[in-house]
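Down below is the structure, laid out as structure tokens.
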Amino acid sequence: MTDASSPLIVGGDRGPQPGAVRPDEDLLAGLNPPQREAVTYRGQALLIVAGAGSGKTSVLTRRVASLLRTKDAWPSQILAITFTNKAAGEMRERVAQLIGDRAQGMWISTFHSACVRILRREAEQFGFTKSFTIYDSGDSRALIKRLVKEHEADAFGLTPAATQSRISKLKNELTDAESYARDANMNDPAERVFAGVFADYQRELQRANAFDFDDLIAQTVYLFRAFPKVADVYRRRFRHILVDEYQDTNHAQYALIRELTKPVGADAEPISGGGGMMIFEPEPEPDAGDAASLTVVGDSDQSIYAFRGADIRNITEFERDFPGAKVVLLEQNYRSTQNILSAANAVIGNNFDRKDKKLWTDVGAGEKIVGFTGYSQHDEAQFVADEVETLRKAGVDYSQMAVFYRTNSQSRALEEIFIRSAVPYKIMGGTKFYERAEIKDALAYLIAVSNPADEMAMRRIINRPRRGIGDVTIETISRYAEQEQITFRDALANSSALGVGPKIQKAIAHLDAVLAEASELMLPASGELVPPTAVAEGLHLLLNKSGYNDALRASRDPQDEARLENLDELVAVTREFARNNPEGTLVDFLAEVALVSDADDLDDASGTVSLMTMHTAKGLEYDSVFVTGVEEDLIPHRISAGEPGGPQEERRLFYVGLTRARKRLYLSLAMTRAQFGEISVAMPSRFLQEIPAELVDWRQSPGDVNSRGGTQSRALNARRGGPGGGKRYGDDLVPLARREPSANMNKFANRIPAKVRDNGDMQLAPGDRIRHEDFGEGRVDAVTGEGAKRVAHVRFETAGAKKLLIKIAPIEKL
DNA sequence: GTGTGGCACATTTTT
DNA sequence: TGTGCCACAC
């Protein structure tokens, strides 16, 4: 290993002089030795293995600051890749705090944003224009759906969803439609059809001047390979490349990094074959000093994106890929208490095939992990809501609490209970703002202005609001455009030549006029500067003059009022964009909107509890964390069982969830869970067994709920902790109200599939009277379902109407 | 071309 | 539970 190699000499600036006080000494304050090393090491390649909570963000920002301070790099020579836009923003801010305005000019962004920037500059090189559109998954699904139908591919079992994910996987492996067709077995009709759809899809994207998410990366790689001169521009520019969350990079992203870290001029000879396919073997490095230095940060235990092509080998084989690489291990955790870490270590230790690594902390054991088992997901949610309130009363801010779940659908029950309990919350991701129909419509209007080649956007808005333009007319326009070799958008300008009725002709002419007016407002004539407010004004104009807003206002559908509000919010977003990006154009705005991620809209100061999936939680931390739905078939998810490496990835996901917590961790599950309106029995997750029993304080263990006649009677509506119980907490670490340790704890500890209460095939019929352990007596109204899923609809005397799963409900027939 | 009602199917995670 | 698609009526 070439330790302590000589400092890079850049732009005539010398590195730090030996013996002198380091110019970046202040940046090292408070760092432990490995952290220091990670900040100060200067060499070609550095791998920072950063366990959860080991201060990696701090290290990364200080490393960037140090590179600038020691003059090893100018800001413009730095390219830092983060996982989310939010992380990028924070990093930029923190670097600026450390070293001031010098931070200007760095590229700190996600892979996707960086590629958009590059593609934007170079688009004309390969048949696109600067104003290309970015298709999100929904857009590309819509396009694929159309093509699948056209090719009648569903006859071969090619659903739109399957086709989309297959294309995405291929692109992540840098296989394009042509090379796929070359290697595919064309005797197989299914293969042939798929290859046809793939090729058409790519053709349509090109025709629409559009890239999908995967293309943003893959096409940038192709661009670099096909145009070595272009690649050299960026190799010359970026002398220090830093990549965060490296364990979640896919092959295309890896290839991109490889391209950028080749020595300038490495590809002097143009490569043969226009496709520019992958060259795998490491190239001889003629002059290593000439290549950019690379720093990657990651933790293979937190790799949770294999399903979208992330390749854990990128990090595990880093040392092989970059010979002479320095490796720094960060194992001291500054985030969580020892109890939380012990649980997390124990869980992740069950993954074989991993380098053993143990996080430790010196902050002490802290509180025990709290466990709770509810009857239903609502019961579970009530526990969470009650506990949130208890914490709040003890002085914990809502914004310091988070609730995690495996699947988005689980948020519904939590939401219902939170609303009822008046707990302020915010759902990250889920049905996202930008996926709402009215927002997509509004954006389609903007796209129609910015990228007239995008026929999808045109088709979307042409009859929204209703203008009396149906499929027949759309096809007429489309045919006309093809005939005249013009775009769909331009065909609108010739409405009189289309041969449609006068009413429709007028409607088309009006839409054309509105789009033209908006174009004038938002698009710069050559050399002209457009005011930053142009996007906001243009959007406002489009929505009003197109009749879109009027149609919503005139509607009597109560939802349309909410849609209007959403559109107002979108206008507000454009204003905000103008404030933050005085030079931002329409095209920039659309790109930003297309690339927002689930975690991006996180607003820390909002004073609300955050609800999100465990995936979204990556990279975040909270004082108090609730991991909910810790059940078999949920975490690990049922579908993962069949996938190679699936269960292990699920374990890593669970590990990510646990390690988000600073002080308090809650694990909860439910004994029954309703999905699709069907109630089914849930079993505790195998991961619970992996946590040493002494770390968990079960308020209500699975055993309590399961076993018949257990000692714990549980009152569904009892409010734990009670309001205004007169408890006073001075300390930050609150001793929370705790029930006496469950007598059943040992029973549960290492024998998870505890005996489920089983009423056998108890027969109930409408009119029967029953007694329920908690609800008391009631009368059966109806029985639905079959076998183990039979459900009794019962009207209780005091508790009201309930639905009970007959097989396991704590009931007896009277 | 538009609106309605019935029915099938779905939910793993996401830039 | 709820969404999306299709068939049918206006």
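For clarity, every value in this text was computed on a predicted model and none was experimentally measured. Residue numbers start from 1 in every chain, and the chains themselves are labelled A, B, ... in the order their sequence lines are given, proteins ahead of strands.
- As judged by a 4.0 angstrom heavy-atom cut-off over every strand, A:Lys503 is placed among residues making no nucleic acid contact.
- Distance, A:Arg141 CZ to C:dG4 C1': 12 Å, rounded to whole Å.
- Straight-line distance between the P atoms of C:dG4 and B:dT13: roughly 16 Å, to the nearest whole Å.
- Side-chain proximity of A:Arg308 to the nucleotides B:dT14, C:dG4, B:dG3 is greatest for B:dT14.
- Neither OP1 nor OP2 of B:dT13 sits under 4.0 Å from any side-chain N or O of A:Thr616.
- In this structure, A:Arg464 fails the cation-pi test against A:Tyr548, since its NZ or CZ atom is not both closer than 6.0 Å to the six-membered ring centre and inside 45 degrees of the ring normal.
- The nearest pair of heavy atoms linking A:Thr628 to A:Phe404 is OG1-O, 2.8 Å.
- A salt bridge does not link A:Glu475 to A:Arg479: none of the charged side-chain nitrogens sits closer than 4.0 Å to a carboxylate oxygen.
- With no hydrogens or angles considered, no side-chain donor-acceptor pair links A:Ser140 and A:Ser137 at under 3.5 Å.
- What separates CZ of A:Phe654 from C1' of B:dT13 is a distance of 16 Å, to the nearest Å.
- Under a cutoff of 6.0 Å and an axis angle of 45°, A:Lys440 and A:Tyr434 do not form a cation-pi pair.
- A:Glu245 and A:Gln247 share a side-chain donor-acceptor pair at under 3.5 Å.
- Stems are defined here as 3 or more consecutive Watson-Crick or G-U wobble pairs with pairing distances under 3.5 Å; those involving DNA chain C are B:1-9 with C:2-10.
- Toward the 5′ end of DNA chain B lies the nearest nucleotide of A:Ile474, the other residue of the pair A:Ser137 and A:Ile474 mapping further downstream.
- A salt bridge between A:Glu690 and A:Arg651 is present, with a side-chain N of the basic residue lying under 4.0 Å from a carboxylate O of the acidic one.
- OP1 or OP2 of B:dT2 sits under 4.0 Å from a side-chain N or O of A:Asn463.
- Side-chain proximity of A:Val472 to B:dT15, B:dT14, B:dG1: nearest is B:dG1.
- Each of C:dG4, B:dG1, B:dT2 was ranked by its minimum atom distance to the side chain of A:Lys145; first place goes to C:dG4.
- Going from atom CZ of A:Arg638 over to atom C1' of B:dT13 covers 15 Å, rounded to whole Å.
- A:Leu669 CG to A:Glu380 CD: the interatomic distance, rounded to the nearest 0.5 Å, is 6.5 Å.
- Looking at heavy-atom distances under 4.0 Å, A:Tyr305 makes contact with sugar-phosphate atoms alone, never a base.
- Taking the centre and axis of the six-membered ring of A:Tyr305, the NZ or CZ atom of A:Arg308 falls inside the cone set by 45° and 6.0 Å.
- Atom CD1 in A:Ile134 sits about 14 Å away from atom P in B:dT15, given to the nearest Å.
- Rounding to whole angstrom units, CD of residue A:Gln247 and C1' of B:dT14 are separated by 15 Å.
- In this entry the distance linking CG of A:Asp560 with C1' of B:dG3 reads 15 Å, nearest Å.
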Kindly give the atom pairs (protein nitrogen or oxygen, nucleotide nitrogen or oxygen) under 3.5 Å for nucleotides 9-12 of chain B.
residue	atom	partner	partner atom	Å
B:dT11	O2	A:Ser409	OG	2.8
B:dT12	O4'	A:His637	NE2	3.4
B:dT12	O2	A:Arg406	NH1	3.4
B:dT12	O2	A:Arg406	NH2	2.2
B:dT12	O4	A:Glu643	OE1	3.4
B:dT12	O4	A:Glu643	OE2	2.5

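- For A:Glu435 and B:dT15, the CD to C1' distance is 12 Å, given to the nearest whole Å.
- Counting all heavy atoms, side chain and backbone alike, A:Ile439 lies closest to A:Asn566 at CD1-O, 3.7 Å.
- Taking atom CE of residue A:Met612 and atom C1' of nucleotide B:dT15, one finds them 17 Å apart after rounding to whole Å.
- Between A:Lys149 and the phosphate of C:dC5, there is no side-chain N or O to OP1/OP2 separation shorter than 4.0 Å.
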